[in-house]
Structure formats: structure tokens, C-alpha cells
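Quick note on labels: first sequence line is chain A, next is B, and so on, each numbered from 1. Quick caveat, the model's predicted, so the values are computed rather than measured.
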Amino acid sequence: MRPERYNVRESEAKWRKAWADAQVFRTRNDDPRAKYYVLEMFPYPSGRIHMGHVRNYAMGDVVARYRRARGFNVLHPMGWDAFGMPAENAAMQNDTHPAIWTYANIDTMRAQLQSMGLSLDWSREIATCDPRYYKHQQKLFLDFLAAGLVTRKKSKVNWDPIDHTVLANEQVIDGRGWRSGAVVEQRELTQWFLKITDFSDDLLASLDRLDRWPEKVRLMQRNWIGRSEGLMIRFVIDPKTVGQLAGEPDVNELEIYTTRPDTLFGAKFMAIAPDHPLAAAAARHDPALAAFIDDCRRVGTSVAAIETAEKKGYDTGLRALHPFDPEWRLPVYVANFILMDYGTGAIFGCPAHDQRDLDFVNAYGLGVTPVVCPPGVDSATFIVDRVAYDGEGVMINSRFLDGMTIEEAKEEVARRLEAVSIGGRQQARRQVNYKLRDWGISRQRYWGCPIPVIHCEACGVVPVPASELPVTLPEDVTFDQPGNPLDRHPTWKHVACPRCGGPAERETDTMDVFVDSSWYFVRFTDPRDEAAPADRRIADYWLPVDQYIGGVEHAILHLLYSRFFTRAMRQRGYLDLDEPFAGLFTQGMVVHETYRDARGQWAAPEEVRVEGDAEGRKAFLIGSGEEVEIGPIEKMSKSKRNTVDPDDIIATYGADTARWFMLSDSPPERDVIWTEAGVQGAYKQTQRLWRLICEIERVVGPARPAAPAAFGDEARRIRQIAHAALAKIEDEIERLRFNVCIATIYEFANALSAEIGAIDAPPVADDLRYAFAEAGDILVHCFAPMMPHLAEECWEALGHASFVAQSPWPVADRSLIVSSEVTYVAQVNGKKRGELSISRDAGAAEIERAALALDGVMRAMDNRPPRKVIIVPNRIVNVVV
RNA sequence: GCCCCUAUGGCGGAACUGGUAGACGCGUCCGACUCAAAAUCGGAUUCCGCAAGGAGUGCUGGUUCGAUUCCGGCUAGGGGCACCA
């Protein structure tokens with residue numbers, strides 16, 4: 001006799017040990033079966049796992065376990081994105097070395113992940129902060145450097161003038177350093193860049209072939225790459241306005257990039273970025289302008305900050321000549337919303353058809369002239385005042401362009417200006433431009449992969465010889481002062497130049513952590529290879545990743561950088577691979593209510609008791625009974641204290657319950673709200689499924705029956721229920737629709753319960769016993785990817801000696817599912833008026849006759865003759881009167 | 001500011017490719033079992049209406065025999081914006 005209740009704690013521990021002892025999830029590179037690589041974005045070892053991790057890894061594990069059952073050789077590895085700022089912040093706060101902090105976190109989180117019962121091959125675990133990992137990254141960097149895929153150039157950073165340190169964008173709050181509170185400045189540093197722009201076209205074009213990526217991610221990447229076709233136009237600066245700038249270089253003309261040359265007759269001003277060379281030249285003769293530029297720099301380097309700041313400009317006094325009218329002069333402003341990184345860092349402003357330009361002229365009173373008239377609007381009365389018009393239309397107020405479409409006008413302007421020559425060069429040329437910029441990877445920080453180059457006064461930049469790799473981080477560093485400890489280290493950075501032997505210095509910048517995560521999926525294929533990032537044959541066998549799963553917050557940067565790395569590695573012969581991730585799924589966050597007391601202090605969910613119902617819910621502190629306000633539902637975060645610790649949930653309810661709840665209810669791409677009721681509901685299901693399996697076992701008996709020659713009606717019905725559920729669950733798992741999958745499992749279990757309840761006392765006929773045994777096996781297989789521990793317990797109860805984790809997926813017999821009768825909905829004028837059940841192969845005339853004979857249909861038709869009858873096969877009959 | 005996404009009962013959500021809106025779960029209500037409670041099991045549950053029937057998928061307009069689904073205009077919430085990971 002089986003126990004009434006399923007003992008979660010005992011069983012889960014037992015099965016995890018059994019899997020580990022039998023090495024069930026160990027993956028071999030020489031397995032002859034078809035491969036399937038499923039990967040979840042590896043975690044940053046922040047300290048403890050959170051519910052977002054549970055959700056992410058539960059999803060990946062469903063896919064891994066399902067594919068394994070379907071006969072694939074599955075690679076499902078785990079590792080640690082272990083470099084990054086939090087380790088340095090912790091070092092400063094607690095006086096612990098980043099490595100010690102990081103590895104301690106990894107140990108904690110590994111144990112937590114292991115308690116989830118994930119089917120991971122832990123023998124392939126990697127950490128990016130391990131020199132055995134970053135050694136290969138340094139080799140890749142040097143290889144890319146030799147191949148011209150790396151460059152050095154100047155770029156701006158946020159500089160904290162009190163702490164004397166470079167700040168990350170998130171460390172700049174309202175233009176001030178987070179620690180010192182000092183107003184942030186911009187500094188230019190010479191930094192290392194990976195030339196991702198070499199691949200702009202391919203990165204863009206290949207998006208079309210990523211058909212197993214969410215459309216929104218492809219769209220975001222397309223916009224990010226931002227290919228545009230436009231015109232470079234040289235504006236002559238009126239010599240009469242140059243004045244004291246006369247001696248400065250490049251003050252005779254201003255080159256701009258525009259995608260809207262058609263609006264040239266709507267131009268009201270020119271604007272240049274505060275970092276534009278012309279702005280710098282003008283500022284040398286105008287202290288007020290220099291002060292204005294300093295002001296602009298205090299916003300920081302983030303585009304969001306620059307573009308949301310109030311639009312401000314400074315008139316340089318320079319005037320540019322309109323290309324089509326030498327009498328027409330346009331004022332040249334330095335403006336805080338022009339970005340030096342895009343185009344030439346200079347624009348002409350047409351307020352009528354660009355909102356930013358319009359906001360600008362409204363602030364400076366420069367006037368608006370519309371030049372594109374929307375269809376159906378009278379050009380004589382069309383005015384633009386607060387909202388710019390960026391739609392289609394016909395050219396107006398534009399002399400020789402009048403009456404043309406936008407496209408015709410663009411072409412006409414380009415054609416005319418290409419033909420004009422100034423100083424021996426065309427005044428304008430067509431140009432394809434990209435928003436995408438090269439990837440700056442230099443970080444002025446300790447806890448990252450050292451950039452393996454040496455700076456020699458005589459020889460310049462010298463790569464560290466391969467035999468000396470990896471360049472490891474020195475361990476004797478302190479974090480008692482801000483800034484990069486590598487920079488102030490007494491010995492580490494001083495070395496002999498590998499080329500001339502003279503005194504030289506190591507590069508003290510380390511790499512952006514996005515570099516670490518741009519090739520880790522390659523390393524997992526062959527993680528212990530000492531000679532190469534991965535053996536080429538092994539990498540080519542496993543890659544691409546068949547299903548990649550992670551947060552949508554990585555939709556652009558991480559995924560684009562990984563796509564770049566794949567291309568660079570292919571070019572250098574490491575891989576034969578177009579794209580790293582054939583399938584991508586972006587899952588939603590885990591969110592929770594927030595609680596706040598009268599003093600504005602946040603309260604954690606475990607400190608709060610919630611009472612009430614539909615009318616209103618109230619929350620009280622458990623200790624004092626004080627009422628706390630129930631706030632909005634937000635992403636779980638430490639600062640709002642609305643987190644739930646997976647350890648507590650797993651200890652109370654078990655890993656299967658935690659996994660099940662994270663997969664049920666909400667669609668995986670959407671946010672899921674953590675509720676206590678939801679977890680309890682999931683827990684009840686584990687017990688329900690266990691009871692059902694026990695009942696099946698009692699009906700089937702100790703000996704599993706052989707397949708009978710024929711099935712009676714009841715047995716046929718049970719088989720139909722089981723096979724229909726199996727077919728649907730297969731489809732839903734493959735589409736990663738875990739919530740629908742779980743709903744189908746509930747329906748399946750409910751239906752089986754009803755059938756079991758209808759069974760009379762034993763003995764039970766052989767065909768029924770067979771049908772129940774088969775249905776039980778199918779049910780266990782269906783929930784095994786989500787609740788693997790319970791599934792093993794049930795599998796054993798049903799009399800199997802093997803692991804369900806190693807058993808093949810049952811074959812759905814789809815011929816059992818089709819019924820001979822179909823139900824049509826009968827509508828009159830699109831409104832449902834009845835239903836009719838009819839043979840699947842009934843003809844149109846027969847269906848129409850049956851529909852018109854229905855009571856509800858006749859009443860609704862009210863003796864009017866049918867004008868038209870629409871029949872959608874197997875679905876609907878609509879009578880139009 | 002720019003780019004992207006989302007919106008369906010009391011709640012989470014389902015609805016194949018434009019074809020029965022509300023599957024499944026939670027909650028609530030009623031009932032069974034029990035001395036009682038818990039657990040479990042059965043039934044009801046979009047709204048208005050006694051009913052017939054009507055209304056209904058954030059708001060608004062359109063296309064269609066038919067719109068949660070397609071198109072236009074809004075509103076609200078969320079993600080990303082290049083040094084958080």
C-alpha cells in the first residue's frame with residue numbers, strides 16, 4: 001500500500017541523489033544521436049538565487065528534459081557570469097576580496113540551483129573569472145587585434161572629480177556621482193573598441209533568417225543597428241561671420257548628415273554637438289560658449305539623459321549659407337541634444353517635420369515653415385505649431401520641389417547638390433549610415449578580464465606573447481580608496497617590453513563583462529580544452545544553441561555582442577557558424593506586491609499578514625499588528641523588500657511546487673505575480689497527482705496487463721483522453737507555452753479522476769486496466785519535465801524500474817483523437833443562435849438545411865429569407881438576412 | 001526624448017491562421033464527509049435581467065457576413081537606450 005501523502009522532502013532528496021549517482025545528466029560529446037543544445041542565460045553570482053532565476057531555469061529544464069525524452073543528445077550546462085562591479089562594491093563595503101566574495105556566492109547559488117533538481121551537466125560548470133576561462137578570451141582578443149577587428153580611439157566617460165574615478169551610467173544619479181555627490185564631468189580617454197560596425201550589414205540582414213526569435217527582439221535590434229540612407233551635405237559658412245575664428249581650422253564649412261534632404265526649404269537653423277570641433281573652435285574665442293559646453297557635459301554620457309534634458313542652444317554667431325540660396329543664412333547653434341556619435345554631429349533643423357527641432361525653435365523663436373503638406377489638407381492653411389508632422393505628403397513652400405512627393409524631392413535635392421562642386425568636391429553625396437557604434441570594451445576597473453597588451457614608449461602597443469597568457473589579476477589589492485587598484489599597484493603593471501626589453505607598462509583597463517558572456521556558450525561545448533576556446537569539431541557539432549532562454553532586458557546588447565563574436569570567431573577560424581542562437585525565448589519577470597508602513601519603511605512579504613477579499617484587502621505587520629499599505633506590484637528587488645527567497649519556498653513546499661507555480665498561470669513571456677495562494681495551489685496539485693497515480697496503480701494491480709486484442713467503449717474513451725492530452729502537451733511544450741501545457745495536464749488529470757471514480761469494484765477488465773496503465777504512464781511523462789521528482793516517485797509506483805528521466809516519450813496515436821461528429825455554431829448576422837452536431841463529412845447543403853431548421857436560428861431570422869449562408873468547415877454556419 | 005511591448009470576469013489567464021469570448025487554475029458561495037475542524041470530494045460562479053433577451057475583451061473610430069485577433073487615433077503600465085548584469 002502506497003502512503004496517502006507524498007513526502008516532498010524525502011522524495012526530492014532521494015531522487016536528486018539517484019540522478020547524481022547514476023550520472024543521468026552527464027552529456028557526452030561523442031554521442032551519435034541528434035544533438036539539442038538548450039541554454040539559459042547564466043547568472044551573475046550576486047549572492048542568492050531569486051525567483052527570476054527559478055523561473056528561467058525551470059523553463060530551460062522543461063525543454064531539456066522533454067528533448068532528452070524525445071531521444072536527443074541534450075547539452076544543458078550552467079556557469080557563472082562572475083566578473084563585474086558588484087564584487088568591487090562589496091569589497092569596498094565589507095573589506096573582502098572580490099574573488100572570495102564571488103566564489104562564496106557561487107557556492108551558495110550552486111547549492112540552491114542543485115536543490116531545484118535541474119537536469120544540468122555540472123561537470124561542464126565554468127566561471128568567467130577563472131583564469132582557465134579568460135585565458136582564451138585574452139587569446140581571442142589578441143587574435144582579433146592581429147586581424148584588425150580591434151581598434152583604439154578616444155571616447156568619453158563619466159568622471160567623478162571628488163573620487164577621481166570613472167562612473168558607470170547607473171552610478172550617475174541626476175548628474176551626480178552616487179558616492180561623492182559631486183557633479184559629474186565628462187573625460188576623454190583612449191580606449192579599446194571591438195569593430196562590431198564591420199558587420200553592421202550582416203548583423204542586420206541576418207535578422208531576417210532568425211525565424212525562431214521573437215519579432216520584437218529582431219525589431220529592436222534592427223532599430224538599434226539603425227541603417228539609414230541619407231545625404232551628407234556641406235554648408236558653406238558665411239565668411240563675414242567667421243570673425244575672430246578666422247585662424248581656426250575647418251571653420252569654412254559645416255558638413256551635416258540628413259535623412260530628410262527634402263525638407264531643406266523648411267530649415268531654420270543649424271545645430272552642432274557640444275563636442276563638435278567647430279564648437280570647440282568657437283568656444284576658444286567665447287568664454288560664455290565654453291561655459292555653455294561645460295554645462296552640457298555635466299549631464300553625463302548617457303543618451304537617455306542627454307535627450308530628456310531640456311533643449312538648450314547657444315548661438316555661435318556663425319551663419320551657414322543655404323545650399324539653394326546664397327542670400328539665405330541659417331544661424332549655427334551649439335545644441336545640447338545633438339549627439340557627436342551619430343552622423344557628423346551636426347544637423348540642419350527643420351522644425352515643421354521634426355519634434356526636437358520644433359521644441360528647439362519654439363524655445364528660441366526661430367519660426368516654422370511647413371514644407372510637407374499632409375494628404376487632404378489645404379496647403380494654404382496648414383500650419384505646424386506644437387506637434388511636428390512626420391508623415392507622407394506633398395512638398396510645399398519649397399520652390400522647385402513643390403508638388404513632388406517626399407521621395408521625389410529627396411532624389412531631386414541629391415541630384416542637384418551632387419552636381420555642385422565646392423573646392424573641387426561635391427557639395428553633397430549619398431551615404432548609408434548606421435546608429436550602431438563600435439563596442440568600447442575598456443573599463444577602468446579591477447574585477448574583469450585584463451586586456452593583454454603592454455604599452456612601451458619605444459614600441460607602442462605590444463601584445464602580451466601567447467606563452468605568457470593568461471595575464472592574471474594580482475591578488476594583493478585593496479579597495480580602501482576609489483579608482484582602479486591595478487592602476488596604483490606597485491609592481492603588477494611594470495614589465496619589460498616583450499619586443500625591445502625596455503621598461504614598459506601593462507594595460508590596466510579590464511574588459512567589459514559583456515565580452516565574457518559573448519562566447520560562453522561556445523566554451524560549454526568543450527569546457528576543459530586548454531589549447532583553444534573549444535575544439536572546432538565539438539563546437540561545430542553542438543552549435544548553434546537550439547533554444548536560448550533569458551530576460552528580455554538582454555534583447556539588444558548581450559545578444560548583439562554575441563552575434564558579433566560569433567562572426568569574428570568564424571572569420572578567425574574557431575567556428576563554422578552563422579548565428580549563435582537559432583531559437584530565442586525571452587521570459588518575463590517575477591513581480592510581487594509591495595508593503596509600506598506609515599513611516600515609509602518597506603516590509604517584506606514574510607513579515608506581513610494579508611486579510612480580506614474582493615471588497616478590499618488589508619495587510620498587517622505580523623509582530624505589531626500595525627496596518628501597512630499595500631503598494632503597486634513591482635519587480636522583486638532588495639530595495640523594495642518584495643522578494644521571496646527560493647530556499648524558503650523549496651524548504652516548505654519542495655522544488656517541484658516552486659517550479660510548477662513559476663510555469664503555471666502566466667504566459668512565460670509575461671510577468672508572473674508571486675502570490676502565497678498560487679504556491680499553495682501548486683502544492684495541492686502535487687498531492688492530487690500523487691493520489692491519482694496511486695488510484696491508477698490500485699486499479700491496474702501489481703502486474704501490468706498486456707495489450708488486449710480489442711478495447712471496449714470505456715477503454716477507448718480513456719485512451720482518447722490520454723492521447724489527445726499527450727498530443728496537445730507535446731505541441732505546447734514545443735511552443736514553450738508552459739501555462740497552457742499545465743492547464744491541459746489539469747484537464748487530463750480531472751478527466752482521468754472522473755474515469756477512475758466511475759470504476760466499479762474489482763476485478764477490472766483487462767482492456768480497462770491496460771488503458772489506465774497507459775494513461776498513467778502518459779500522465780507521468782507529461783508532468784515529468786515540470787515536476788521531475790514527483791514524476792520519478794509516480795513512475796516507480798506504476799511499476800517501472802527505470803528513471804522516467806531516461807525513458808522515451810510516449811508516442812501519441814493521433815488517429816484515436818479524431819471524432820466522427822463535429823459541432824457547428826449557428827449564427828444569424830454574426831450572432832450565435834444555436835449549435836448543431838453533424839457528421840464530419842456532411843455536405844454544405846445538408847449543413848445549411850440543419851442550421852436553418854434550428855429553433856434559435858428560425859426565431860432570429862423572423863421569417864426573413866436568407867441572403868447568404870457562410871459555412872466555415874468544422875466550425876461555423878453564418879446566415880445573413 | 002527615442003525604440004519596443006502589454007491591456008480579456010473578483011484575480012492569473014485561455015481562445016488554432018478573422019469563426020462559440022472566459023478553457024484551466026485561484027478566490028468566493030452552496031452541498032457531501034466529520035461530534036467539530038483541517039484535508040478531501042461534488043455543484044455554482046462575466047455583468048444586467050424572474051425570464052425571454054441584452055451588454056461585454058483599456059478608450060475611440062474603421063475594415064468584414066463575422067474582430068480579443070487586422071488598420072487609424074488615444075490612455076495607462078512595463079522593458080531598452082551603448083560603463084548594471
task: Determine the interatomic distance between C1' on B:rG1 and the same-named atom on B:rC11; round to the nearest Å.
output: 36 Å
task: Pick base, sugar-phosphate or nothing for A:L436, based on heavy-atom distances below 4.0 Å to the nucleic acid.
output: base
- prompt: Of all heavy-atom pairs between A:M786 and A:R659, which one has the smallest distance, and what is that distance?
  reply: O-NE, 3.0 Å
- request: State whether the number of non-hydrogen atoms from other residues, nucleotides or ligands found under 6.0 Å of A:K312 atom NZ is greater than 12.
  value: no
field: Whole-Å gap separating P (B:rU6) and CD1 (A:I673)
entry: 17 Å
message: Can you list every stem that RNA chain B is part of, counting only runs of 3 or more consecutive Watson-Crick or G-U wobble pairs with both distances under 3.5 Å?
response: B:1-7 with B:75-81, B:10-12 with B:24-26, B:27-32 with B:40-45, B:46-48 with B:53-55, B:58-62 with B:70-74
message: Output the rounded distance in Å from CD (A:E88) to P (B:rC84).
response: 13 Å
task: Identify the heavy atoms of A:I871 and A:A844 that sit nearest to each other, and give their distance.
output: CD1-O, 3.5 Å
B:rC65 to B:rG58 separation - C1' atoms, rounded to the nearest Å: 27 Å
field: Nearest heavy atoms of A:S228 and A:Y342, plus distance in Å
entry: OG-OH, 3.4 Å
query: Contact class for A:F514 (heavy atom, under 4.0 Å): base, sugar-phosphate, or nothing?
result: base
Criterion side chain to side chain contact (heavy atoms under 4.5 Å, CB included) on A:V881 and A:V828, from CA distance to verdict: CA-CA 7 Å; A:V881 295; A:V828 176; 4.3 Å; yes
query: When the aromatic ring centroids of A:F661 and A:Y683 are compared, is their separation below 6.0 Å?
result: no
query: For A:N169 and B:rA82, is the shortest distance between a side-chain N/O and OP1 or OP2 below 4.0 Å?
result: yes
- prompt: If we take the P atom in both B:rG54 and B:rG62, what is their distance in whole Å?
  reply: 22 Å
- prompt: Donor-acceptor pair, A:N484 side chain versus A:L486 backbone, under 3.5 Å?
  reply: yes
message: With rounding to the closest Å, how many angstrom separate the P atoms on B:rU60 and B:rU75?
response: 15 Å
- request: For B:rC29 and B:rC47, measure between their P atoms and round to the nearest Å.
  value: 15 Å
query: Mapping A:G678 and A:M85 onto RNA chain B by nearest heavy atom, which one lands closer to the 5' end?
result: A:G678
query: A:E170 CD to B:rA82 P: how many Å, rounded?
result: 12 Å
- prompt: Quick one: does A:H353's side chain have a donor or acceptor within less than 3.5 Å of a partner on A:Y389's backbone?
  reply: yes
field: Short N-O contact, A:K435 and A:D341, less than 4.0 angstrom
entry: no
- prompt: Under a 90° cut-off about 0 for the syn range, is B:rG73 syn or anti?
  reply: anti
- prompt: Taking the six-membered ring for Trp, is the centroid-to-centroid distance between A:F42 and A:Y520 below 6.0 Å?
  reply: yes
B:rC81 versus B:rC74 - spacing of their P atoms, nearest Å: 27 Å
query: Does NZ or CZ of A:R187 come closer than 6.0 Å to the centre of the six-membered ring of A:W159, within 45° of the ring's axis?
result: yes
- prompt: Parallel, tilted or perpendicular: which describes the rings of A:Y57 and A:H53, with under 30° parallel and over 60° perpendicular?
  reply: parallel
query: If you look at every strand shown and take non-hydrogen atoms under 4.0 Å, does A:R833 touch a base, only sugar-phosphate, or nothing?
result: sugar-phosphate
task: Tell me which nucleotide among B:rA55, B:rC24, B:rA85 gets nearest to the side chain of A:Y746.
output: B:rC24
message: Whether A:R356 contacts B:rG1 is assessed here as follows: a side-chain N or O lying under 4.0 Å from the phosphate OP1 or OP2. Is that the case?
response: no
message: What's the closest nucleotide to the side chain of A:V740 if the choices are B:rC81, B:rA14, B:rC84?
response: B:rA14
- prompt: Of A:E669 and A:H554, whose nearest nucleotide on RNA chain B comes first from the 5' end?
  reply: A:E669
- request: Answer with base, sugar-phosphate or nothing: what part of the nucleic acid does A:V872 contact at a heavy-atom distance below 4.0 Å?
  value: base
query: Could you state the CD-P distance from A:Q191 to B:rC83, rounded to the nearest angstrom?
result: 9 Å
message: Need one value for A:T675: base, sugar-phosphate or nothing, where a base atom within 4.0 Å counts as base even if backbone is also close, heavy atoms only.
response: nothing
Side chain of A:V166 (C-beta onward), nearest among B:rG79, B:rU40, B:rC83: B:rC83
- line: From CD1 of A:I847 across to P of B:rG19 the rounded distance in Å is 18 Å
- prompt: So what does A:V217 hit on the nucleic acid, given a heavy-atom distance under 4.0 Å: a base, only sugar-phosphate, or nothing?
  reply: nothing
message: Rounded to whole Å, please give me the gap between CD in A:Q221 and P in B:rC4.
response: 14 Å
task: Would you mind reading off the distance between A:I756 atom CD1 and B:rG42 atom C1', rounded to a whole angstrom?
output: 18 Å
- request: Mind checking A:E835 for me? I need base, sugar-phosphate or nothing, with any heavy atom below 4.0 Å counting as a touch.
  value: base
message: Using a 6.0 Å cut-off, check whether atom CZ of A:R864 has over 12 heavy atoms from anything other than its own residue.
response: yes
- prompt: Rounding to the closest angstrom, what is the interatomic distance between B:rC4 and B:rC50 at atom P?
  reply: 50 Å
task: Answer with base, sugar-phosphate or nothing: what part of the nucleic acid does A:A555 contact at a heavy-atom distance below 4.0 Å?
output: nothing
task: For A:E553, answer base if it contacts any base atom (sugar-phosphate contacts may also be present), sugar-phosphate if it contacts only those atoms, and nothing otherwise; contact means non-hydrogen atoms under 4.0 Å.
output: base
task: In whole angstrom, give the distance that lies between atom CG of A:D665 and atom C1' of B:rC24.
output: 9 Å
Proximal nucleotide (of B:rC26, B:rC84, B:rG13) relative to the A:A677 side chain: B:rC26
- request: Please work out if A:W224 contacts a base, only the sugar-phosphate, or nothing of the nucleic acid, heavy-atom cut-off 4.0 Å.
  value: base
Protein-nucleotides 60-70 of chain B N/O pairs closer than 3.5 Å?
from: B:rC65; atom 1: O2; to: A:N878; atom 2: ND2; distance (Å): 2.4

message: At 4.0 Å (heavy atoms only), tell me whether A:T308 reaches a base, stays on the sugar-phosphate, or touches nothing.
response: base
Nearest to side-chain heavy atoms of A:N739, which nucleotide of B:rG19, B:rG1, B:rG13: B:rG13
- prompt: Between A:F193 and A:W439, does the ring centre distance come in under 6.0 Å?
  reply: no
message: If you compare every side-chain N and O of A:K832 against the phosphate oxygens of B:rG54 (OP1, OP2), does one of them come in below 4.0 Å?
response: no
message: Just N and O in the side chain of A:R670: are any of them under 4.0 Å from OP1 or OP2 of B:rA7?
response: yes
- prompt: What nucleic acid atoms does A:R859 come within less than 4.0 Å of, heavy atoms only: base, sugar-phosphate, or nothing?
  reply: sugar-phosphate
- prompt: C1' atom, B:rG77 versus B:rG31: distance in rounded Å?
  reply: 42 Å
- prompt: Which part of the nucleic acid does A:G551 contact within heavy-atom distance under 4.0 Å: base, sugar-phosphate only, or nothing?
  reply: nothing
- prompt: Contact class for A:P667 vs. all strands (heavy atom < 4.0 Å): base, sugar-phosphate, or nothing?
  reply: sugar-phosphate
